[in-house]
Amino acid sequence: MGELLQFFFLGLGRGAIYATLAIALVIIYRATGLLNFAQGQMAMFSTYIVWAFWSAGVPLWPAILLGMVASFVLGALVERLLIRPVGGTGENPLPVVIVTIGLFLALGALAPWIWGLEAKPFPLLFGSGSVTVLDASIDYQTLGLLVMLGVEVLALWLLFQRTKLGLAMRGVASNAESSALVGVPVGTMLMIGWGLSAAFGTLAGVSVANLGIDPNLMLGPLIYAFAAATLGGFDSPVGAVVGGLIVGVVTELLAHYVEPIGNDLKLLPAFVLILVVLLVRPQGLFGHLHARRV
Amino acid sequence: MSALLTVEGLTAGYGPVEVLRGIDLTVDDGEIVVVLGANGAGKTTTLRALSGMIPARGSVTLAGRSLLGRRPDQVVRLGVSHVPQGRGTITDLTVHENLLLGAYTRSDPEIDEDLERWYTVFPRLAERRDQTAGSMSGGEQQMLAIARALMSRPRLLLLDEPSLGLAPLVTEELFRSLVQINREQGTSVLVVEQNANLALDVGSRGYVLETGRIVVSGTSSELRADEAVRKAYLGY
């Protein structure tokens with residue numbers, strides 16, 4: 001029992017990281033109707049920026065905040081300079097998807113060029129202690145991440161459901177042309193969407209950065225985050241969190257209790273999960289099907 | 001009456017294909033004006049050029065201010081609301097959110113009042129207030145599109161084929177509402193319509209477009225009396 005709970009807590013810790021990155025994917029999807037394959041690499045890049053501030057002497061959380069602001073600007077620039085020229089919105093997603101894959105490769109090459117290949121040290125966000133619950137221990141990092149996720153979801157819910165900006169962003173994602181025809185500056189909304197997603201992605205990067213920041217930091221988490229967003233529903237921040245935690249716990253338990261999977265095949269269950277969700281419930285647990293009359 | 005919208009020598013097209021070849025038309029304050037024409041004559045292109053959805057040349061002024069070279073969201077702020085062909089429903093938002101988004105350019109305290117007004121004019125929308133807009137019938141979506149456009153309090157409403165895909169009774173109801181709105185709010189309307197009979201009933205004047213040029217114009221009764229117009233568009 002204690003062992004099972006221990007792995008459950010471990011899974012929650014991993015899942016919280018996937019959830020943070022999945023939230024960034026959900027923001028892009030809600031704001032632009034697109035999938036961003038470069039989300040993980042953008043988060044990796046943002047984490048280096050945070051590291052640069054932090055290693056220059058800025059305290060941890062102010063450094064993270066500065067990194068989020070810088071990432072917002074970079075994300076908005078990516079939209080303006082790379083995404084918009086090839087289409088920008090979800091009407092013909094193919095060129096944009098290709099550009100995000102290009103961005104994936106470019107950032108992966110740019111980061112070591114700027115910061116080198118050697119892993120950069122980074123602290124745990126919430127300290128290294130832990131609390132004991134029923135013979136198992138759950139560390140401060142996991143608890144802190146869970147609280148942070150709660151705050152993120154609340155902030156996004158308020159933004160998307162309770163503000164004019166959020167309504168305009170949802171409008172643009174659903175029908176950019178009609179939104180423009182009621183006076184919404186579509187380009188500005190898309191830039192804000194990319195900026196927000198990059199800023200929130202920063203939080204995913206710094207959540208795993210204690211293992212050392214290197215250019216491959218987010219390659220694994222991105223796959224799990226896609227599984228999490230697929231499971232939870234791509235248009236739902238709550239879904240991203242629930243999906244992330246489930247993916248984290250399930251993969252961790254499978255890795256420990258199913259011999260042939262182990263650590264080497266951990267990605268396999270994530271992939272199977274994506275397939276099964278797409279077949280059984282394509283909108284995910286909390287997502288919405290798009291009703292459309294023609 | 002003075003001209004609200006003045007269009008002179010409007011040319012526009014898609015890439016190298018020129019669709020409009022120099023169009024002149026005016027819409028007066030509080031007037032309903034009809035544009036008739038066969039498929040491909042350039043009716044939709046005219047509206048798209050006016051609202052900044054495609055680049056155009058010539059001169060377009062609304063109450064003295066030039067509209068050309070502006071983005072659609074800027075044209076809205078100058079007082080032109082465009083209901084696109086196919087209704088442009090923002091399918092993933094609820095009916096209420098569609099209307100709220102229609103007031104995006106406004107920050108005055110009368111937005112709630114306007115919401116109630118359009119819910120009164122179109123009671124079906126009030127019934128479906130919290131329903132996803134994409135799940136409504138074609139007629140309901142057309143009402144929503146018009147109400148959404150009116151939420152910006154435009155001086156000029158551009159309507160592209162509002163009757164498309166609607167049952168005749170629904171279309172008649174819709175046009176009755178339009179006339180009521182036009183009378184009560186003083187909103188000018190430029191409407192492109194296949195149902196020429198109905199459109200000329202509500203419009204005071206009309207233009208006939210053929211291959212990107214205006215070939216006939218006049219009051220509704222003049223157009224009804226024109227034999228070529230009658231044969232081609234009125235069907236008797």
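Bear in mind that the values here come from a model prediction, so they are computed numbers and not experimental data. Below, each value reflects all heavy atoms present in this structure, side chains not excepted, and no hydrogens, waters or symmetry copies.
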Check your understanding: Is there side-chain contact between B:H82 and A:E177, with heavy atoms separated by less than 4.5 Å?
Key -> no
Check your understanding: Can you tell me how far OG of A:S178 sits from CZ of B:R148, rounded to the nearest 0.5 angstrom?
Key -> 5.0 Å
Point to revise | B:L93 CG to A:N175 CG distance, which is reported to the nearest 0.5 Å | key: 9.0 Å
**Study point:** Approximate separation, where rounding is to 0.5 Å, of B:Y104 OH and A:L165 CG
**Key:** 6.5 Å
**Study point:** Shortest non-hydrogen separation from B:R71 to A:P185 and the atoms involved
**Key:** NH2-CB, 4.3 Å
Practice item. Could you tell me the separation between the CG atom of B:D92 and the CZ atom of A:R170, rounded to the nearest 0.5 Å? Key: 9.0 Å
Exercise for review: Taking atom CZ of B:R106 as the centre, report whether more than 12 heavy atoms of other residues, nucleotides or ligands fall under 6.0 Å from it.
Suggested key: yes
Point to revise | Region of B:M151 that comes under 4.5 Å of a non-hydrogen atom in chain A | key: neither
Practice item. Flag the pair A:V182 / B:S152 as yes when at least one side-chain heavy-atom distance between them is below 4.5 Å, and no otherwise. Key: no
Practice item. Quick one: which of B:T89, B:L100, B:V76 has the most heavy-atom pairs under 4.5 Å with chain A, could you say? Key: B:V76
Exercise for review: May I ask you to test the A:K164-B:L101 pair for a side-chain heavy-atom distance under 4.5 Å?
Suggested key: no
**Study point:** B:R183 atom CZ, neighbour heavy-atom count above 12 within 6.0 Å
**Key:** no
Exercise for review: State the CG-OG distance between B:N98 and A:S179, to the nearest 0.5 angstrom.
Suggested key: 8.5 Å
**Study point:** Set of residues satisfying ring-ring contact (aromatic ring centres under 6.0 Å, His included) with respect to A:F37, sequence neighbours excluded
**Key:** A:F226
Check your understanding: Does the side chain of B:S81 come within less than 4.5 Å of A:L181's, by heavy atoms?
Key -> no
Check your understanding: Which atoms of B:A145 come close to chain A, meaning under 4.5 Å heavy atom to heavy atom: side chain ones, backbone ones, both, or neither?
Key -> neither
Point to revise | Contact class of B:L158 relative to chain A, heavy atoms under 4.5 angstrom | key: neither
Point to revise | Exceeds 12 heavy-atom contacts within 6.0 angstrom, atom OH of B:Y14 | key: yes
